[in-house]
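The chains referred to below are lettered A, B, ... by the order of the sequence lines, with proteins before strands, and numbering in each begins at 1.
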There are 2 protein chains.
Amino acid sequence: MDITPVTRTAVSDEVFGQLVAEILSGRLAADDALPGERELAERFGVNRHAIREALKRVQQAGLVRIAQGGKTRVLDWRQNAGLDTLSQLAAASALPPLQILRDISEMRRTVAADATRLCAQRATDAQLAAILAAAETYPADSTEIADTFGPDLDFWTCVIDGSGNVAYRLGLNTLVGGFAEIGWQTVVDLGLGAEYADRDAHLALARLIADRDAEGAHRLAEELLGRTVARISAAIEK
Amino acid sequence: MDITPVTRTAVSDEVFGQLVAEILSGRLAADDALPGERELAERFGVNRHAIREALKRVQQAGLVRIAQGGKTRVLDWRQNAGLDTLSQLAAASALPPLQILRDISEMRRTVAADATRLCAQRATDAQLAAILAAAETYPADSTEIADTFGPDLDFWTCVIDGSGNVAYRLGLNTLVGGFAEIGWQTVVDLGLGAEYADRDAHLALARLIADRDAEGAHRLAEELLGRTVARISAAIEK
DNA sequence: CAGGTCAACTGGTTGGACCAGTTGTCTGGA
DNA sequence: TCCAGACAACTGGTCCAACCAGTTGACCTG
């Protein structure tokens, strides 16, 4: 028996999701005017307050411009949306999941690799110890891929914390969110194998960082994370 | 006479800003329970709907967990907030502006440099032409720094568009937003000079990209954008 | 003292009214 | 004929009041 917690979605969340999907998918084009709040409320069959809550969030995401007295207009999301919209992009099927996955993994490689370099330069001794410890708990290569996600995330979180760059830290959160939205199953299906869950490489990387070898650590991190990019790119080719 | 458009801030925006500031500044610690919506409404002197609109957005930002029946609790923003919170971070004075500026410029350097490499590999001919054109409109080194922000942003936007990576595109939007939140004046005060507005370097970079010299373009981009990082880091030292 | 019951919270949703800007039309005077 | 100004009909913004729906913990009962 496989039990999944029931998901109670608030109406405003539902409205938010649908509006975002309409915009990201292009069914609502940039500069189009949205129906008035009263009409939306009627069409969605919910109260106007729920519409307003959703609309405010769509605005926060940078997808519409709301003006009192005037109409609410759709903005060009490529030009105005923030990185947090990435996960919505996956949910709305606005782009092929594999492309989003590739873009995420590319950004992850680049950002994490640079964080590795900075970490080797700036991390405190306590942070270095945490990284070494995280690398130790990295599962053996033979483990189920799905079981390596957790330790892998732990490891890189330590590294990015060690870099002392909050933008990287917050960016990581967003990327992980986008990853989750696409679904781990998709990732597993790609057949990521040893090139992803390489315990020895992560141990070596931790040691390079602890030795303050910034350039060496950067190179290894880039190579290590590049494997995933290569794997996904290969899958796209097919 | 210097006229600035009046800013009519919606009540819920005001509430949102204050709540976020409370959380990011640490005055509301992680795992703390927020007062109930009815009490917040009374304390802020506004309607409960305004509180709800704000609270929903705080939730979307990943700063609180709302549960029907239970209390609304503060989350650890370092662990849960997305990159879009970066601009709030500046507004809330949760961290020194110069540190945020450094982190943003570091991320900008790393992401844009990688985008440059990808751009050289993947850009269409039309995109290459756009890049060359953008580089042409880059102002001469002697121009007021403030006047180079626009053309500079245009140039890099073209490059990142050419990379075909939506994550980079959206990330750029967020970073620019964070930059703007801190205020261009702060940036100007840093005394960024020729190392930032280097017309010749940008022209050279555009040519490298057009020649599909991925590695060469990557190197130059990293060096070029690294200048700003170095400038800000130096300012922090003092 | 373990168990269930229930009242008093919490957030979620609804309805309706009214305020406050924007826009376009229509009218009256130059 | 044309144009300024008034106005009506939108738009979003805010508020009040009520009730629904979960959660929690105190309290009572066996």
Give each protein N/O atom lying under 3.5 Å from an N/O atom of nucleotides 21-26 of chain C, with the pair distance.
unit_1, atom_1, unit_2, atom_2, d
dG21(C), N2, Gly69(A), O, 3.4

Among residues at least two apart in sequence or on other chains, which ones pass side chain to side chain contact (heavy atoms under 4.5 Å, CB included) with [X]?
| X | answer |
| --- | --- |
| Ala140(A) | Ser142(A), Thr143(A) |
| Ala206(B) | Ile131(B), Leu132(B), Ala135(B), Phe155(B) |
| Thr186(B) | Leu101(B), Ile182(B) |

Which whole-number value in Å describes the distance from Phe16(A) CZ to dG12(C) P?
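So the CZ-P distance, Phe16(A) to dG12(C), works out to 16 Å.
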Can you tell me the distance, in whole Å, between the NZ atom of Lys71(A) and the P atom of dC10(D)?
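It is 10 Å, rounded to the nearest whole Å.
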Suppose we screen for side-chain hydrogen bond (donor to acceptor under 3.5 Å, both in side chains). Which residues come up paired with Glu42(B), at least two apart in sequence or across chains?
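For Glu42(B), no residue satisfies side-chain hydrogen bond (donor to acceptor under 3.5 Å, both in side chains) once neighbours in sequence are set aside.
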Residues in side-chain hydrogen bond (donor to acceptor under 3.5 Å, both in side chains) contact with Arg48(A), at least two apart in sequence or another chain
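Expected list: Glu37(A).
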Let me check something: any side-chain donor-acceptor pairs from residues 59-79 of chain B under 3.5 Å, sequence neighbours excluded? List them with distances.
unit_1, atom_1, unit_2, atom_2, d
Gln60(B), OE1, Arg57(A), NE, 2.8
Arg73(B), NH1, Asp31(B), O, 2.6
Asp76(B), OD1, Arg78(B), N, 3.1

Just say parallel, tilted or perpendicular for the rings of His202(B) and Tyr138(B), cut-offs at 30° and 60°.
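His202(B) vs Tyr138(B) ring planes: parallel.
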Please list all pairs meeting ring-ring contact (aromatic ring centres under 6.0 Å, His included) that have one or both residues in residues 34-60 of chain B, counting only residues at least two apart or in different chains.
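ring-ring contact (aromatic ring centres under 6.0 Å, His included) check on residues 34-60 of chain B returns His49(A)-His49(B).
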Would one find a side-chain N or O of Thr72(B) under 4.0 angstrom from OP1 or OP2 of dT10(C)?
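Checking dT10(C) against Thr72(B), no side-chain N or O comes under 4.0 Å of OP1 or OP2.
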Those residues of residues 32-57 of chain A lying under 4.0 Å from DNA chain C by at least one heavy atom
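Those residues whose heavy atoms fall under 4.0 Å from DNA chain C, taken from residues 32-57 of chain A in numerical order, are Arg38(A), Val46(A), Asn47(A), Arg48(A), His49(A).
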